[in-house]
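Before any comments, here is the structure.
FYI, the numbering just counts along the sequence from 1. Keep in mind it's a predicted model, so treat the numbers as computed, not measured. Heavy atoms only: backbone and side chains are in, while hydrogens, waters and symmetry mates are out.
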Amino acid sequence: IHRGGFVVNRSKGVYIDLAEYVKAATYSPKWARGHEWCIPPLPLLTCIGNGRGGGDYHGTCMDMVGRWAMDIIEFAEERPEGMREIDYSRIAFKEE
């Protein structure tokens, strides 16, 4: 995962500070034998078809999966002005 910069959702007026996301979403599942994992948020936020089989996500923040599908999204190197930072507890995707 890219550890710097911002994922900006222009449609919803929110952004993700990737450094803050990594802090909130890094975890060590039992099966990983002490290794840390961090699921990138963008594929899950923009997902279409989760729950139809073939590698579906089952974990925390299930209500957010696909919530950004078809929205206008960009990457920015600087914090976007006039937008609200997302609540990381709502998108800290972790799968056991």
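Proximity of a side-chain donor or acceptor of Y27 to a complementary backbone N or O of A92 within less than 3.5 Å is not detected. Side chain of S11 to main chain of I72: a donor-acceptor pair is present (N/O by atom type, distance under 3.5 Å, no hydrogens or angles).
The minimum heavy-atom distance between C47 and A69, with the atom names listed, is O-CB, 4.0 Å. Here the closest non-hydrogen pair linking P40 and Y21 is C-OH, 4.3 Å. Nearest approach of H35 to S28, heavy atoms of both residues: O-OG, 3.1 Å.
Using a 4.5 Å heavy-atom cutoff, the side chains of I16 and L45 are in contact. Residues M64 and L44 are not in side-chain contact: their nearest non-hydrogen atoms beyond the backbone lie 4.5 Å or more apart. The shortest distance between side-chain heavy atoms of R84 and K12 does not fall below 4.5 Å.
The CG atom of D56 sits 8.0 Å away from atom CE of M62, with the distance rounded to the nearest 0.5 Å. The distance from the CZ atom of R90 to the CG atom of D63 is 4.0 Å, given to the nearest 0.5 Å. The CD atom of E20 sits 9.0 Å away from the CZ atom of F6 when rounded to the nearest 0.5 Å. Here W68 contributes atom CH2 and I73 contributes atom CD1; the two are 6.0 Å apart, rounded to the nearest 0.5 Å. Note: I86 CD1 to Y15 OH = 11.0 Å, rounded to the nearest 0.5 Å. Atoms NZ and CD1, from K94 and I39 in turn, are 9.5 Å apart once rounded to the nearest 0.5 Å.
In this structure, F93 has its ring center under 6.0 Å from that of Y57.
With sequence neighbours excluded, the residues forming a side-chain hydrogen bond (donor to acceptor under 3.5 Å, both in side chains) with E74 are R10, listed by chain and number.
F75 and V14 fall within a single hydrophobic cluster, where Ile, Leu, Val, Met, Phe, Trp and Tyr side chains are chained together by heavy-atom contacts under 4.5 Å. Cluster membership for V7 and V65, using ILVMFWY side-chain heavy atoms within less than 4.5 angstrom, is shared.
Its side chain within the 4.5 Å cluster rule, M70 clusters with I48 among the Ile, Leu, Val, Met, Phe, Trp and Tyr residues.
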